[in-house]
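I have placed the structure first, in the form of structure tokens, so that the comments after it can refer back to it.
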Amino acid sequence: MTDTDAEPNPANRRTLPEPQLLDIARRFLGDSGSGLLIAPLGDGLINETYRVETPARAFVLQRINGSVFPAPERIMHNLAALHAASLAHPQLGVRVPALYHADGLPFVRDADGNLWRLGECIEPSRTLHTLAHAGQAREVGRVLGHFHRLGAALDPSAIAVTLPGFHDTPAYLTALDTVVSGADPDQTERDLLSAIDARRSLVQVLERAWANRRTRTRVIHGDPKLDNLLFDVAGERALCLIDLDTVQPGLLHHDIGDCLRSCCNRAGEAGADSARFDVGLAEALLSGYAETSAGLLDTEELDLIAPAIRLIPLELGIRFLTDHLGGNRYFRVRYPGENLDKARRQLALVADIERQAEAIDAAVRRAFASAR
Ligand code: GN1
Ligand code: MG
């Protein structure tokens, strides 16, 4: 059963009326802020995001969820470092949206202390709900590879940790165990808990590899799901990754696993269809990644890609189920059972990935054939 008495996730509601949102936007835009239009933007589960338009151009206004990000100023520090690196390495072609300042600062605090920022809106562009063909998947991989190359040009210690414990799969499992001990799960929830139980040994795979120095910490995006990739209007060329709040030190495998679990799931993250992992899309995505990341991963790290492809949807399934059992306090939900449905979907994806394990191993090998 879910804990319905819990505090709702503040991201579940729109926090300010329109006139106040417009006031915040005007503090960034000054005189150029007349005739503003504002509308909600995207399907983000954590922050609150709006598109703001002047007659001349568009911007992205965002409230950073302070109950998720303990020190939002660190995000601004990382974005500035990343933006500077993108200018210093133009050959990588990584676009980092510019941030606007208000009174000399790259953010505005509202009366409740919440932090708002205004960024460049990269246009013309669009997002895709699903990938239609391998060419698009290859494009996604290319953009992720370039992003990781840019990250490699930065010293991980110069990039602040914005979200402690993010992608710490063992810690997510411990959080689930804790919430389960105080819950009375029904049959559907118990089935998902059993599916997770059967995979406990997988949960440590990246932490163990890291401890044994088979991989190392680098600067990652943290959340390279399909929603966070901008394409050109034709939907053929991937332009850049957006939603850079989770850029912080991590493992490249977190990003690779997350990108594949999102882009190669034919059914998408929400909705009624059952999950299906498309190995052809995965191979195309990884080929694009191999091309532009050009040797970032050594042989031992390449061997961790297949485990990461299984791990990250398991991790997200654990996170959705934990939030469901804990009263939906973290992820924005549109209806009470949404986190449960999403957990079921991610765990079905893990099972489908396992069914195709051999084909996935072969696809990874082919994609990185020239890198070995
Ligand atoms: C959250 O906020 P959004 O929608 O970009 C989450 C990711 C999940 C994703 C699943 C900070 O991202 O880790 O993979 O939902 N971000 C955070 O859609 O927890
Ligand atoms: Mg995000």
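In each ligand, atom 1 is the first atom listed, and ligand 1 is the first ligand listed.
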Using a plain distance cutoff, I'd like to know if [X] has any nitrogen or oxygen under 3.5 Å from a nitrogen or oxygen of ligand 1.
X: D43; answer: no
X: Y330; answer: yes
X: G222; answer: no
X: N47; answer: no
X: L163; answer: no

We want to know whether [X] and [Y] form a side-chain donor-acceptor pair, criterion being a heavy-atom distance below 3.5 angstrom.
X: Y50; Y: E48; result: yes
X: E301; Y: H253; result: no
X: T49; Y: N47; result: no

Should you measure from each heavy atom of [X], which atoms of ligand 1 turn up under 4.0 Å away?
X: T246; value: 11 (C)
X: N228; value: 5 (O)
X: D243; value: 5 (O)
X: E269; value: 10 (C), 18 (O)

Establish whether F320 and V68 are linked, either directly or via other cluster members, by ILVMFWY side-chain heavy-atom contacts under 4.5 Å.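 Yes, because F320 and V68 connect within a single hydrophobic cluster, where side-chain heavy atoms sit under 4.5 Å apart.
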
Looking at E315 and Y172, would you say the former's side chain and the latter's main chain have a donor-acceptor pair under 3.5 Å?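 Here the side-chain-to-backbone pair does not exist.
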
Could you pull out all donor-acceptor pairs under 3.5 Å where a side-chain atom in residues 87-94 meets a protein atom, sequence neighbours excluded?
none

Is ligand 1 less than 4.0 angstrom away from at least one heavy atom of [X]?
X: R319; result: yes
X: D227; result: no
X: R261; result: yes

Under the salt bridge (charged side-chain N to carboxylate O under 4.0 Å, His left out) test, which residues partner R276, sequence neighbours left out?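 Not a single residue meets the salt bridge (charged side-chain N to carboxylate O under 4.0 Å, His left out) criterion with R276.
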
